[in-house]
There are 2 protein chains.
Amino acid sequence: MTKADISLKGTKVQPLKKPRTELEPGARRRKKFDDKRQFILETALSVFSKYGFHGTTIEQIANSADISKTNLFYYFSNKEELYLTILENILNDWLKPITIFEEVDDPEDVLKNYIRLKLELSRDQPEASRLFCLEIIQGAPILKGYLENELKSILQDKSKVIESWVSKGKIKPINPIQLIFFIWSTTQHFADFNVQVKAITGKDLSNKKFFEETCSAIQQLIIDGLKRPRL
Amino acid sequence: MTKADISLKGTKVQPLKKPRTELEPGARRRKKFDDKRQFILETALSVFSKYGFHGTTIEQIANSADISKTNLFYYFSNKEELYLTILENILNDWLKPITIFEEVDDPEDVLKNYIRLKLELSRDQPEASRLFCLEIIQGAPILKGYLENELKSILQDKSKVIESWVSKGKIKPINPIQLIFFIWSTTQHFADFNVQVKAITGKDLSNKKFFEETCSAIQQLIIDGLKRPRL
DNA sequence: ATCTTTTCAGACCAAATGGTCTGTTTTAAA
DNA sequence: TTTAAAACAGACCATTTGGTCTGAAAAGAT
């Protein structure tokens, strides 16, 4: 299994899925198997994101998923495979938002949209965000190759879009990578540092008002901070 | 040991320290003891910040510090005490920068200064930053009380300063807490996600040019984003 | 209903790891 | 130089934990 291969497994698209009649042999079993595997993955993400790889016990995960340790090993041959599969799955969702960076569009629209999408991710997948953060902090032993290749080339691509905005005078000059980092850090902050945010504000992104307030605060700062020349 | 008590231990200020003549009995021994303890703490911070609490072995730390496991236990009675002491030490440095928020001053100066100080911390103490981040991500089991009390009240205090700027029309209306979060996240990003930053840009805050570029990018974005009314 | 394959559980194992016990060496004070 | 306390090391211990082995229960296909 290579690090670059980040395709979801076990989610083969069924042609039709006839409701009650017999399907091809083994299909029912496969589905049940895949479903349970998926369930374990979700449970494990939740635990891993709380305690980290080393801090998490296989038994903890098994208990959370209400199965025996042995049963878990029936679905995943070892702890690392389980952890790896989770990380792979996360990466997929992770880069979807950035595809909206397109040259033709208006910077303000694109940026506003992107910020919102990232913030929604922080709201809806905070555990994934934290697991990702844990991985990076600890030196990205697994994802390093991915960062240096796939991610880097995607960012270089999107940088060109931002640069074209600059050269057309649509936004103030700024290092495109820096801009992307700003958006990432400010949005992910509300997932990764969720505990701190909650301790201080008493609120959460799951609070609709707080979400909107945060979203527009970030949008405003960045949009206005990028407004054309200089006052 | 309460969580609120975050005083440095083992750094009692010596009145004078006569160079070679006899000092009070036991002083030499105490200093040697304290120095070695400090050295172990620094080594341990480095290891803990890489692998987290659970991922770190006492033996790893001992090896890194070039002492025996037994010897380490002579200086710290157990793993938790070692970890706790490190966290306490970190917190002290952590809040120094925020004290510069004072009402009388010009917002632009204060904010620029604060951003620079925080970014310097990210450059000079990235390991401390990452350990702090690890702690928060995992639910801040140790620091939660501190966040909800000390930190919260400090922030409420500083919020008033920012609010006064707003009401005087010196900056555009913004939620003060959000502004502070914005600064924290963008500056700490370069310590916590250092690996990612390096993978993509090839650079680091230790690179002087990159540091200055980053610093002024953040400063500009925030200052300009807060400029008076609205274009 | 039967039978074969899949799914699952309990007992068990070996390695890793936090921590202790005992005793030796080093060091500073006298 | 002597001596008592401090600093240190190696063997050892108990627990935790990832992972296996054997066999029983469940379930789909016929």
Side-chain angles (χ1 to χ4, degrees), chain A residues 10 14 17-41 43-44 47-48 50-86 141-142, chain B residues 10 14 17-41 43-44 47-48 50-86 141-142:
Chain A
Q14 231 71 278
K17 192 201 258 180
K18 298 164 233 172
R20 286 231 146 245
T21 66
E22 70 239 27
L23 16 170
E24 63 270 49
R28 193 136 81 232
R29 270 205 156 116
R30 245 205 323 277
K31 178 170 171 18
K32 223 185 141 190
F33 182 87
D34 290 345
D35 284 353
K36 189 155 182 181
R37 224 179 111 98
Q38 189 56 35
F39 175 70
I40 293 173
L41 282 173
T43 309
V47 185
F48 274 134
K50 264 197 211 95
Y51 306 105
F53 179 80
H54 294 284
T56 297
T57 311
I58 288 286
E59 212 170 6
Q60 258 177 294
I61 299 174
N63 286 341
S64 295
D66 248 314
I67 60 177
S68 72
K69 208 171 61 163
T70 318
N71 198 7
L72 196 157
F73 277 115
Y74 177 73
Y75 288 91
F76 297 90
S77 56
N78 55 46
K79 197 182 179 184
E80 269 197 23
E81 190 203 323
L82 177 57
Y83 184 75
L84 258 169
T85 309
I86 293 173
I142 294 167
Chain B
Q14 230 73 277
K17 193 201 261 182
K18 299 164 235 174
R20 285 231 147 246
T21 67
E22 69 241 25
L23 16 171
E24 63 268 52
R28 193 136 82 231
R29 271 210 153 109
R30 247 208 318 282
K31 179 171 171 15
K32 223 184 141 190
F33 182 88
D34 290 344
D35 284 353
K36 186 152 184 182
R37 225 179 111 97
Q38 188 58 35
F39 175 71
I40 293 173
L41 282 173
T43 309
V47 184
F48 274 135
K50 264 197 212 95
Y51 306 104
F53 179 79
H54 294 284
T56 297
T57 313
I58 289 285
E59 213 171 6
Q60 257 177 295
I61 299 174
N63 286 342
S64 293
D66 248 315
I67 60 177
S68 73
K69 210 171 62 164
T70 317
N71 197 8
L72 195 156
F73 277 115
Y74 177 73
Y75 287 91
F76 296 90
S77 57
N78 56 44
K79 197 182 177 183
E80 268 196 24
E81 189 204 324
L82 178 57
Y83 185 75
L84 258 170
T85 310
I86 293 173
I142 294 167

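Throughout, a chain's letter reflects where its sequence line sits, starting with A, and its residues are numbered from 1.
- Protein atom CG of N63(B) is 12 Å distant from nucleotide atom P of dA9(D), rounded to whole Å.
- Within the nucleic acid shown, F76(B) has no heavy atom closer than 4.0 Å to any nucleic acid atom.
- Whole-Å rounding puts the K79(A) NZ to dA15(C) C1' distance at 14 Å.
- The distance from atom CD of E80(A) to atom P of dT17(D) is 18 Å, rounded to the nearest whole Å.
- Taking atom CD1 of I61(B) as the reference point, atom C1' of dG18(C) lies 11 Å away to the nearest angstrom.
- We find that CD of E59(B) is positioned 12 Å from C1' of dG10(D), with the value rounded to whole Å.
- Of the candidate nucleotides dG19(C), dA27(D), dA6(D), dG19(C) has the atom nearest to the side chain of N78(B).
- Judged by distance alone, the side chain of E81(B) and the main-chain N or O of S77(B) form a donor-acceptor pair under 3.5 Å.
- Close to dC8(C), at under 4.0 Å from its OP1 or OP2, lies a side-chain N or O of K36(A).
- The pair D35(B)-K31(B) counts as a salt bridge, with a side-chain nitrogen and a carboxylate oxygen less than 4.0 angstrom apart.
- DNA chain C is contacted by both F53(B) and D66(A); D66(A) maps to the nucleotide lying nearer its 5′ end (nearest heavy atom per residue).
- Residue-environment remark: OH (Y51(A)) stays at or below the threshold of 12 foreign heavy atoms within 6.0 Å.
- Closest to the side chain of Y74(B), out of dG18(D), dA6(D), dT7(C), is dA6(D).
- Atom-to-atom, CD of E81(A) to P of dG19(D) comes out at 10 Å; the value is rounded to the nearest Å.
- Pairing each heavy atom of L72(A) with each of I58(A), the nearest pair is CD1-O, 4.0 Å.
- Nearer the 5' end of DNA chain D, as judged by each residue's closest nucleotide, is the contact made by R29(B), out of R29(B) and I67(B).
- Here the C1' atom of nucleotide dG18(D) and the OH atom of Y83(A) are 17 Å apart, to the nearest Å.
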Any N/O pairs under 3.5 Å between the protein and nucleotides 10-12 of chain C? List them or say none.
| from | atom 1 | to | atom 2 | distance (Å) |
| --- | --- | --- | --- | --- |
| dG10(C) | N7 | T70(A) | OG1 | 3.4 |
| dG10(C) | O6 | T70(A) | OG1 | 2.9 |

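- Taking 3.5 Å as the limit, the base of dT27(C) and the side chain of R28(B) contain no donor-acceptor pair of atoms between them.
- The two residues R37(B) and Y75(B) make their nearest non-hydrogen contact at NH1-O, 3.0 Å.
- Here N71(A) contributes atom CG and D66(A) contributes atom CG; the two are 11.0 Å apart, rounded to the nearest 0.5 Å.
- Between K79(B) and F53(B), the closest heavy-atom pair is NZ-O, 2.9 Å.
- The side chain of K32(B) has dA28(C) as its nearest neighbour among dT7(C), dG18(C), dA28(C).
- The shortest distance between the side-chain N/O atoms of Y75(A) and the OP1/OP2 oxygens of dT7(C) is not below 4.0 Å.
- Taking the side chain of F73(A) as heavy atoms from C-beta on, and the options dG19(D), dA6(D), dG18(C), the nearest nucleotide is dG19(D).
- Between Y83(B) and F48(B), the ring planes are perpendicular. Angles over 60° get that label, and only those under 30° would be called parallel.
- Per the geometry, CZ belonging to R37(B) stands 16 Å off C1' belonging to dA6(D), to the nearest Å.
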